[in-house]
Structure formats: C-alpha cells, structure tokens
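Because the structure is a prediction, the values reported are computed rather than measured.
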Amino acid sequence: MLFRRYIALFLLITLCAKVLIVPCILLDFEVRKAYIISNFCENKNRPALHCDGKCYLAKRLRAAQEREEQSKTEEVVNRLLKAVYYQDTVLRYVASTLPLTAFINQRFPAFSCTITRPGYLSGVFRPPALSY
C-alpha cells in the first residue's frame, strides 16, 4: 500500500514537472537575479538598456520552449512509427498463420445483374413532388 503511494507521488511529480518548467525558470531568475546580471547578462556593458538579465531569461525560456516542441515532434514520430510497426507486425502474423491456399483456391460466383425490367429504378429514384 505504501509502495503505491510512492508510485502515485512519483507520477504526479513527473506530470507536474512539464507544467512547472517555466515557473521554475522564472523563480530561478528572481532568486539569482544579482548573480545572473553580474555573470550572464550580455548587455552589462551597456547600462542604458536596463536589461538586468532579461536577455538570459529570454534565452532560457526560448530553450525550454524549443525542447518542448522537439519532444512533441519526437512523440508524434514515435507514435507514427509504432503504428506502422504494429500494423506491419499484425499483417505478418496473420499472413504467417493463415494458409495461402485458403486465398488462392477460393471461387467466386459470376456477376449476374438481376435488374431486367425497364423502369425498375425509376420507381425508386425520382425527384420529390412539388407541394403547392
């Protein structure tokens, strides 16, 4: 019972991690703002811009967004490949289990048209009557 709780907690943290990436980046920026301005800011030589490390924050947010988009693309490709692989595997299994002679020796009846009298379809297919 305790093991299930740990598994549930782990899954909850895993699901929340993707949602909390951007707030964690913003929190990290606010906590280490002075350090980021002094070490990572690209515009620290130009104080008139009042960048205050926002260039570093923008880079981090852009990188997080690109990672998320890349993971979405990889997920779509993986799903597509799994679907194709699964379909191919199922078809190979069916083809290997069924005898080929069951398909080759099958006889189909010749096509016969049962509509012989004239006007047979005109009773079914006619335009709707006008109502005045």
Pairs involving residues 50-59, ordered by first then second residue, that meet salt bridge (Lys or Arg N to Asp or Glu O under 4.0 Å) (sequence neighbours left out): Glu42-Lys59
Taking only residues two or more places apart in sequence, or in another chain, which ones meet Phe10 in a ring pair (Phe, Tyr, Trp, His ring centres under 6.0 Å)? none
Nearest 0.5 Å, please: how far is CG in Leu11 from CD1 in Ile7? 7.5 Å
Please work out which of the three classes, parallel, tilted or perpendicular, describes the rings of Tyr35 and Phe40, given edges at 30° and 60°. perpendicular
Glu68: which residues meet the side chain to side chain donor-acceptor pair (under 3.5 Å) condition with it, sequence neighbours left out? none
According to a 4.5 Å side-chain heavy-atom criterion applied to Ile, Leu, Val, Met, Phe, Trp and Tyr, with indirect links allowed, do Val22 and Leu57 form part of one hydrophobic cluster? yes
Kindly write out the residues that satisfy salt bridge (Lys or Arg N to Asp or Glu O under 4.0 Å) with Lys33, not counting sequence neighbours, or none if the list is empty. none
Can you name the closest pair of heavy atoms from Ile37 and Gly53 and give their distance? CG1-N, 3.9 Å
Residues in side chain to side chain donor-acceptor pair (under 3.5 Å) with Arg32, at least two apart? Asp28
Could you tell me the separation between the CD atom of Glu66 and the CG atom of Leu61, rounded to the nearest 0.5 Å? 11.5 Å
Got a sec, which residues hit side chain to side chain donor-acceptor pair (under 3.5 Å) with Glu75, two or more places apart in sequence or on another chain? Arg79
Starting from Tyr56, can I reach Ile21 by hopping between I/L/V/M/F/W/Y residues whose side chains sit under 4.5 Å apart? yes
